[in-house]
Protein chains: 2
Amino acid sequence: MVELNPHPLDTVFHALGDATRRHMLRQLAGGERTVGQLAEPFAISLAAASKHIKVLESAGLIRREVRGRTHLCRLDPGPLASAHEWLNFYERFWANRLDALERLLREEDARKPPAPKGDDQ
Amino acid sequence: MVELNPHPLDTVFHALGDATRRHMLRQLAGGERTVGQLAEPFAISLAAASKHIKVLESAGLIRREVRGRTHLCRLDPGPLASAHEWLNFYERFWANRLDALERLLREEDARKPPAPKGDDQ
DNA sequence: CGTATATTCAACCACATGGTTGAATTAAAT
DNA sequence: ATTTAATTCAACCATGTGGTTGAATATACG
């Protein structure tokens, strides 16, 4: 689709929909990184990494400071907060589910001592 | 990229990266909806809507119950919880920022009545 | 039965995406 | 002034995406 005025969340979620870019964000959670440093863990060309970084940048997820011949990137958490906020709306759904499980377990617990390890996802 | 074994978050975030699909999820937050009902608000063909729904479905975000000739869709919040969880890791960044702002404001407040507008971001 | 309804399927199209390579740009180092 | 290093640019390619249309597939209705 030729989306003239894409919703910010479009670009943010799209940027997050790629493992390479999510990994880069994790790196940036540890502090500033150069393009080369961000590219280093991946078996892709620098040009490809540069494109990923541009995607993150135009989603507003990172800022770039050109410092001499290297580009310093740092995380901008704002859009992540927006995405988190958006998802927050649905919290009641999984919260409900967990509440129900919790209630169930509490009942079980009051009845008989050891409950088997429950797991989901 | 030909991604053989894509990370679940890839498909989830990708599914969320489209306003039409996010809108459909919001509809489903109100309860079960048929394919036709989900498609109705949009100026796209039923086939296109059907594809969107399939994207949501294969991201695990919705379940489908074929009931006669209509397909009933309902929200599955699990993957949303995963995405939320993933974003949660970064919470400290925007939380820190807010904490810092808050601290700053409190200090300013205690010192002199009207503070000049500080801005960042 | 025949017809209307709900949905998918298949083929197609324009454009986006993620990758490549090689050349260009810019700045630091010798 | 040359060379080396960090990064982008441009062109290209294969595949994915979101849309269309028209036919196919079920299922309900009279």
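Just so we're on the same page: letters track the sequence lines, and every chain starts at 1.
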**OP:** Round to a whole Å and report the spacing from CD1 of Ile53(A) to C1' of dC9(D).
**Re:** 15 Å
Subject >> Separation of dA6(C) C1' from Glu65(B) CD (nearest whole Å) >> reply: 15 Å
**OP:** Evaluate the side-chain proximity of Leu9(B) to Arg22(A): yes if any heavy-atom separation is below 4.5 Å, no if none is.
**Re:** yes
**OP:** Figure out the CD/C1' separation between Glu57(B) and dT7(C), and round it to whole Å.
**Re:** 13 Å
Subject >> Minimum-distance nucleotide (side-chain atoms of His14(B) versus dG18(C), dT17(D), dT7(C)) >> reply: dT17(D)
**OP:** Grab the NZ-C1' distance between Lys54(B) and dT8(C) for me, whole Å please.
**Re:** 6 Å
Subject >> Which nucleotide in dG18(C), dT20(C), dA6(C) has an atom nearest any side-chain atom of Ala48(A) >> reply: dT20(C)
Original post:
If you draw a 6.0 Å radius around CZ in Arg63(B), do more than 12 non-hydrogen atoms from other residues or ligands fall strictly inside?
Top reply: no
Original post:
Touch check for Thr70(A), heavy atoms < 4.0 angstrom, all strands: base, sugar-phosphate only, or nothing?
Top reply: sugar-phosphate
**OP:** Would you mind reading off the distance between Gln37(A) atom CD and dT7(D) atom C1', rounded to a whole angstrom?
**Re:** 14 Å
Original post:
Rounding to a whole Å, what distance do you find between Leu46(B):CG and dG22(D):P?
Top reply: 15 Å
Subject >> Among dG18(C), dT8(D), dG18(D), the one nearest Arg21(A) by side-chain distance >> reply: dG18(C)
Subject >> Ser45(B) side-chain N/O to dG19(D) phosphate OP1/OP2 under 4.0 Å >> reply: no
Original post:
Among dT8(D), dA28(D), dT26(C), which is the nearest nucleotide to the side chain of Arg69(B)?
Top reply: dA28(D)
Subject >> Nucleotide dT17(D), atom C1' - distance to CZ of Phe13(B) in whole Å >> reply: 20 Å
Original post:
Taking the nucleotide of DNA chain D with the closest heavy atom to each, which residue, Val55(B) or Ala47(B), is nearer the 5' end?
Top reply: Val55(B)
Original post:
Parallel, tilted or perpendicular: which describes the rings of His84(A) and Trp94(B), with under 30° parallel and over 60° perpendicular?
Top reply: tilted
**OP:** Side chain of Lys51(B) only, please: which of dT8(C), dA4(C), dG19(D) is the nearest?
**Re:** dG19(D)
Original post:
Below 4.0 angstrom from OP1 or OP2 of dA6(C), is there any side-chain N or O of His71(B)?
Top reply: no
**OP:** Rounded off to whole Å, could you give me the CD-to-P distance for the Glu40(B) and dT5(C) pair?
**Re:** 16 Å
Original post:
Given that Gly68(B) and Ser50(A) both sit by DNA chain D, which one's nearest nucleotide is further toward the 5' end?
Top reply: Ser50(A)
Original post:
Are His14(A) and His14(B) close enough that their ring centers fall under 6.0 Å?
Top reply: no
Original post:
Which of the following nucleotides, dG18(D), dT20(C), dT27(D), is nearest to the side chain of Ile44(A)?
Top reply: dT20(C)
Original post:
Hey, do the aromatic rings of His23(B) and Phe42(B) have their centres closer than 6.0 Å?
Top reply: yes
